[in-house]
Colleague: 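Here's a structure for you.
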Number of protein chains: 2
Amino acid sequence: MSYGDSREKILSAATRLFQLQGYYGTGLNQIIKESGAPKGSLYYHFPGGKEQLAIEAVNEMKEYIRQKIADCMEGYADPAEGIQAFLKELSCQFSCTEDIEGLPVGLLAAETSLKSEPLREACHEAYKEWASVYEEKIVQAGCSEEHAKEASTVINAMIEGGILLSLTAKNSTPLLYISSCIPDLLKR
Amino acid sequence: MSYGDSREKILSAATRLFQLQGYYGTGLNQIIKESGAPKGSLYYHFPGGKEQLAIEAVNEMKEYIRQKIADCMEGYADPAEGIQAFLKELSCQFSCTEDIEGLPVGLLAAETSLKSEPLREACHEAYKEWASVYEEKIVQAGCSEEHAKEASTVINAMIEGGILLSLTAKNSTPLLYISSCIPDLLKR
DNA sequence: GTCTATAATACGATAGAC
DNA sequence: GTCTATCGTATTATAGAC
């Protein structure tokens with residue numbers, strides 16, 4: 001395919017690096033080098049430069065995580081069990097240093113929410129999408145829509161915060177503590 | 001005082017900027033400019049350069065937030081009410097854009113946990129300190145030490161995640177949702 | 001679609017004068 | 001304690017050839 005996989009390779013390297021190192025911690029040169037894509041092709045595929053690349057990277061993270069959450073929720077009738085399955089998956093990365101994927105969306109969101117409105121909106125959309133997956137499942141389990149809306153936001157916050165704490169502690173304990181309080185959170 | 005306030009001014013500007021913009025998003029030049037301190041004095045007061053400055057900034061955040069949590073907890077017999085008072089304070093910054101203080105410790109932690117071991121340790125110490133304030137109060141209210149340890153970690157995660165979500169959403173709704181589920185979290 | 005070359009700027013850090 | 005000057009190296013982005 002003439003419109004080959006260079007674009008794809010650049011975007012996937014950018015997604016990985018932005019998630020691990022953040023927006024300002026990641027240089028375009030590093031992205032090109034790690035992607036293995038030809039150097040001259042970046043601004044051809046991403047004429048909007050670094051900002052466009054970051055926005056598309058956030059969309060990649062959004063879809064990747066949304067799929068993971070959805071897969072976990074499908075496996076159980078009880079939403080709490082589905083969320084705990086997702087937390088278990090997240091906690092695995094802290095067993096081996098090389099497996100660490102970082103803080104999806106959160107790092108970019110914290111760096112750029114006050115500096116780039118389109119990037120902030122992309123991050124906001126990611127959080128809304130993840131919340132809607134939780135929400136739907138919680139409503140299906142018989143909870144009120146109001147409770148489901150609140151709970152899904154709180155779950156998003158706990159998980160992002162839990163990854164952050166696990167990253168800082170270099171172990172999965174915070175994520176496991178969070179997992180154990182999910183059932184109580186949903187009981188109402 | 002001959003050992004004047006230049007050091008103090010640099011550190012306080014660095015603390016504010018690192019919290020808002022992160023480690024890689026903040027340049028030494030910007031810190032010097034905003035501090036109003038003489039340009040030549042940075043490496044005199046902080047011979048360890050940017051990394052030392054960031055570590056000391058994290059310690060400033062640690063103490064500032066620890067004091068705020070402690071003040072909130074002192075005002076109430078019930079730990080849940082104290083935490084809710086803290087969350088109310090945090091949520092205020094999202095009423096006015098200029099008041100936003102950013103994500104204390106969390107942004108630096110996410111950027112540098114995999115890149116600088118001393119910086120990671122400083123962030124980890126901050127989280128441990130905050131948790132110990134929650135923990136003590138929860139134990140005093142009659143809970144088991146195990147439950148208090150778990151709950152205080154979860155509270156740390158919820159609050160950091162909640163600030164992140166509020167920053168991204170540009171409103172305090174996530175923090176308020178979190179506040180409303182604190183009592184249930186502590187009931188066990 | 002991809003290449004090289006380069007512009008323009010910012011970065012962190014150091015040396016040496018005062 | 002502070003200043004200026006500067007080194008070396010990043011950065012993002014663009015222009016023009018192929």
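All chains are named by letter (A, B, ...) in the order of the sequence lines, taking the proteins before the strands, and each is independently numbered beginning at 1. Note that these values count all heavy atoms, side chains included, but never hydrogens, waters or copies made by symmetry.
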Colleague: Is it true that B:E160 and B:Y127 share a donor-acceptor pair across their side chains at a distance under 3.5 Å?
Modeller: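 The answer is yes; a qualifying pair exists.
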
Colleague: Determine whether A:Q21 and B:K115 make a side-chain contact, defined as any pair of heavy atoms from C-beta on separated by less than 4.5 Å.
Modeller: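 The answer is yes; the side chains approach within 4.5 Å.
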
Colleague: Does a side-chain heavy-atom distance below 4.5 Å link A:L186 with A:I83?
Modeller: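 Touching, per the 4.5 Å side-chain cut-off.
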
Colleague: How many whole angstroms separate atom CG of B:L42 from atom P of C:dA13?
Modeller: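 That distance rounds to 9 Å.
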
Colleague: Does B:E135 reach the side chain of B:E145, with side-chain heavy atoms less than 4.5 Å apart?
Modeller: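 No; the side chains remain at least 4.5 Å from each other.
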
Colleague: Whole-Å distance between C:dG12 P and B:Y44 OH?
Modeller: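 Taking atom P of C:dG12 as the reference, OH of B:Y44 is at 22 Å.
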
Colleague: Distances under 3.5 Å only, N/O to N/O: pair up the protein atoms with those of nucleotides 7-11 of chain C.
Modeller:
unit_1, atom_1, unit_2, atom_2, d
C:dC11, OP2, B:N29, ND2, 2.7

Colleague: Does A:Y134 reach the side chain of A:I159, with side-chain heavy atoms less than 4.5 Å apart?
Modeller: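 Result yes, sub-4.5 Å side-chain heavy-atom pair found.
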
Colleague: Should A:I55 and A:V58 count as side-chain neighbours, where that means a heavy-atom distance under 4.5 Å?
Modeller: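 SC-SC contact between A:I55 and A:V58 ruled out.
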
Colleague: Roughly, in whole Å, what's the span from CG in B:L53 to P in C:dA13?
Modeller: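 B:L53 atom CG is separated from C:dA13 atom P by 10 Å.
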
Colleague: Starting at CZ of A:F46 and ending at P of D:dA13, how long is that distance when rounded to a whole Å?
Modeller: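 Taking CZ of A:F46 and P of D:dA13, I get 13 Å after rounding.
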
Colleague: Let me check something: do B:L176 and B:I155 share a hydrophobic cluster, defined by ILVMFWY side-chain heavy atoms less than 4.5 Å apart, either directly or through other members?
Modeller: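 In one cluster with B:L176: B:I155, no.
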
Colleague: Any idea how A:Y23 and A:F18 line up, ring-wise: parallel (<30°), tilted (30 to 60°), or perpendicular (>60°)?
Modeller: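 Taking A:F18 first and then A:Y23, their aromatic rings lie parallel (interplane angle under 30°).
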
Colleague: Whole-Å distance between C:dT2 C1' and A:Y43 OH?
Modeller: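 The answer, rounded to whole Å, is 16 Å.
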
Colleague: Could you check if a side-chain atom of B:S166 sits within less than 4.5 angstrom of a side-chain atom of B:S91, using non-hydrogen atoms only?
Modeller: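 They are not in side-chain contact.
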
Colleague: Evaluate the salt bridge (charged side-chain N to carboxylate O under 4.0 Å, His left out) criterion for residues B:K68 and B:E89: first the C-alpha distance (whole Å), next the side-chain angles of each, then the deciding distance (0.1 Å), finally the verdict.
Modeller: CA-CA 9 Å; B:K68 268 206 166 163; B:E89 267 201 37; 3.4 Å; yes

Colleague: Protein-nucleotides 3-6 of chain D N/O pairs closer than 3.5 Å?
Modeller:
unit_1, atom_1, unit_2, atom_2, d
D:dC3, OP2, B:K39, N, 3.0
D:dC3, OP2, B:G40, N, 3.4

Colleague: Nearest whole angstrom, please: distance from the P of D:dA13 to the NE2 of A:H45.
Modeller: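 One finds 17 Å between P of D:dA13 and NE2 of A:H45, rounded.
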
Colleague: Counting only non-hydrogen atoms, which of residues 9-22 of chain B are less than 4.0 Å from DNA chain C?
Modeller: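 The stretch gives none, as no residue of it lies under 4.0 Å from the strand.
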
Colleague: Against A:L108, only a single residue in A:R120, A:Q19, A:M61 fulfils side-chain contact (heavy atoms from CB on, under 4.5 Å); can you say which?
Modeller: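 It is A:M61; the other options fail the test.
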
